[in-house]
Amino acid sequence: MSLESQRLPHYTAKTVRENGKQYYVNDQGRRLPSVTTILNATKPQAHREALANWRDRVGAAEATRISGAASRRGTGTHKQIQRYLSGEAVVCSETVQPYWDSVAPVLQEIHQIRLVEGFVFHEDLGYAGQVDCIASYQGVPCVCEWKTADKPKQTIERLYDYPLQLVAYLGAANQLYQDHELNLAHGLLVVALPGLAAEVFWFDSETLGTYWQEWEARVAEFWRRARYWRKGEG
């Protein structure tokens with residue numbers, strides 16, 4: 001794997017939480033809601049009902065246990081991917097090892113790495129996030145997102161809001177790094193699976209254009225609701 005590339009500047013941000021929502025504060029002091037906060041606040045009712053039904057079916061304690069385990073494995077896998085892309089040694093725990101084994105072959109196709117775990121901001125729409133990676137996959141520049149799951153997703157529909165998360169980071173990166181002529185138009189979403197090859201979902205510019213329109217609508221809805229939240233606090 002070649003790590004030689006033109007690295008993008010790494011911006012810093014302060015993370016703050018307020019009323020269960022996460023915000024990033026940039027160097028200019030502007031506080032912007034995170035991508036995940038916007039997605040959670042504007043989640044479609046059907047998705048909310050599906051999650052509530054799942055919690056009722058497995059029970060609150062089991063749902064909390066499953067969610068906690070998923071969060072830990074995701075964080076652990078992300079950490080090792082970050083180490084690998086930064087040229088550091090990978091040291092996996094017993095829990096993370098199956099997910100690393102799943103995603104490792106895909107990472108061998110990642111080259112020309114420009115940014116790893118970097119904050120990105122979209123000043124115009126008003127949001128921020130932390131992108132997993134900006135690099136080239138099989139020679140095509142793209143935004144990369146790493147996910148973990150116990151079972152294959154199989155279809156894009158089962159990714160739920162993941163593609164919106166991906167396109168949100170792409171849009172923010174293109175605006176933040178416009179002086180670097182980034183102009184990203186493709187996205188890679190990889191789902192690591194224990195005992196199986198990772199699922200690779202590739203998004204071309206046309207598909208991302210459709211998701212971008214949906215993302216813009218979700219951001220607008222978030223800010224509409226935010227005005228009511230502020231009135232309620234007043």
Side-chain angles (χ1 to χ4, degrees), residues 1-15 22 24-27 32 34-36 69-122 127-149 162 165-194 196-203:
M1 181 186 66
S2 173
L3 294 176
E4 293 300 322
S5 62
Q6 290 185 334
R7 295 277 180 161
L8 294 166
H10 218 288
Y11 291 93
T12 60
K14 178 182 178 182
T15 303
Q22 180 173 275
Y24 293 120
V25 182
N26 62 19
D27 291 340
L32 298 171
S34 71
V35 170
T36 51
S71 177
R72 288 190 294 275
R73 79 175 182 226
T75 299
T77 303
H78 268 81
K79 182 176 180 180
Q80 297 311 317
I81 294 174
Q82 180 180 2
R83 290 174 64 89
Y84 173 82
L85 295 176
S86 300
E88 301 175 14
V90 173
V91 183
C92 293
S93 66
E94 184 177 343
T95 301
V96 169
Q97 189 68 53
Y99 298 94
W100 168 257
D101 292 341
S102 176
V103 76
V106 180
L107 297 178
Q108 294 177 10
E109 301 290 334
I110 300 294
H111 302 285
Q112 296 176 312
I113 300 163
R114 306 202 66 186
L115 186 69
V116 177
E117 296 292 338
F119 290 107
V120 289
F121 312 92
H122 200 297
Y127 71 87
Q130 190 169 13
V131 64
D132 287 349
C133 179
I134 295 175
S136 290
Y137 173 68
Q138 296 183 349
V140 182
C142 62
V143 166
C144 309
E145 276 293 298
W146 323 116
K147 303 295 183 183
T148 61
Y162 286 167
Q165 187 179 12
L166 183 74
V167 78
Y169 295 147
L170 182 146
N174 278 339
Q175 184 182 80
L176 182 64
Y177 295 110
Q178 54 189 313
D179 291 342
H180 295 262
E181 299 181 351
L182 195 58
N183 299 323
L184 295 170
H186 296 83
L188 173 72
L189 199 155
V190 181
V191 182
L193 302 159
L196 296 171
E199 290 180 300
V200 175
F201 295 90
W202 180 251
F203 297 85

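In what follows, every heavy atom counts, from backbone to side chain, and hydrogens, waters and symmetry copies are set aside.
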S34: which residues meet the side-chain hydrogen bond (donor to acceptor under 3.5 Å, both in side chains) condition with it, sequence neighbours left out?
T36, T37
Rounded distance [0.5 Å steps], CG in L182 versus CD1 in I134:
5.5 Å
Without hydrogens or angle criteria, can the side chains of Q80 and Y84 be said to hold a donor-acceptor pair below 3.5 Å?
no
Can you tell me how the ring of Y137 sits relative to the ring of W202, calling it parallel under 30°, perpendicular over 60° and tilted otherwise?
tilted
For E181, all residues meeting side chain to side chain contact (heavy atoms under 4.5 Å, CB included), sequence neighbours excluded:
N183
Report yes if some heavy atom in the side chain of H78 is under 4.5 Å from a heavy atom in the side chain of E117; otherwise report no.
yes
Between atom SG of C142 and atom CG of L170, what is the distance when rounded to the nearest 0.5 Å?
9.0 Å
Does any N or O in the side chain of S102 come within less than 3.5 Å of the main-chain N or O of P98, such that one atom is a donor and the other an acceptor?
no
Within the structure provided, determine whether F119 and D27 are in side-chain contact (heavy-atom separation under 4.5 Å).
no
Drop me the distance from L189's CG to E145's CD, to the nearest 0.5 angstrom.
6.5 Å
Drop me the distance from K147's NZ to Q165's CD, to the nearest 0.5 angstrom.
3.5 Å
Whether the side chain of Y127 engages the backbone of A168 through a donor-acceptor N/O pair (distance < 3.5 Å, no angle test) should be reported.
yes
Do F203 and Y162 have ring centroids that are under 6.0 Å from one another?
no
Could you check if a side-chain atom of Y11 sits within less than 4.5 angstrom of a side-chain atom of L176, using non-hydrogen atoms only?
yes
Return the minimal non-hydrogen interatomic distance between A149 and Y99, and the atom names on each side.
O-CE2, 3.5 Å
Using every non-hydrogen atom in the two residues, find where C133 and I113 come nearest and quote the distance to one decimal.
SG-CG2, 4.5 Å
Which atoms form the tightest heavy-atom contact between C144 and D132, and what is the distance?
O-CB, 3.2 Å
In terms of heavy-atom contacts, Y169 and G129 come closest through CE2-CA, 3.7 Å
Rounded to the nearest 0.5 Å, what separates atom OG in S93 from atom CH2 in W100?
13.0 Å
If every non-hydrogen atom of V103 is compared with every non-hydrogen atom of A192, which pair is closest and at what distance?
CB-CB, 4.1 Å
Which of parallel (below 30°), tilted (30 to 60°) and perpendicular (above 60°) describes H180 and Y177?
perpendicular
Given F121 and L32, is the side-chain contact (heavy atoms from CB on, under 4.5 Å) satisfied, shown in steps?
CA-CA 8 Å; F121 312 92; L32 298 171; 4.1 Å; yes
Stepwise side-chain contact (heavy atoms from CB on, under 4.5 Å) test for V116 and R7
CA-CA 9 Å; V116 177; R7 295 277 180 161; 4.0 Å; yes
Could you check if a side-chain atom of L188 sits within less than 4.5 angstrom of a side-chain atom of F201, using non-hydrogen atoms only?
no
Which atom names give the shortest non-hydrogen contact between V190 and A198, and what distance separates them?
CG1-CB, 3.7 Å
Distance, nearest 0.5 Å, that separates CG of L85 from CG of L115:
11.0 Å
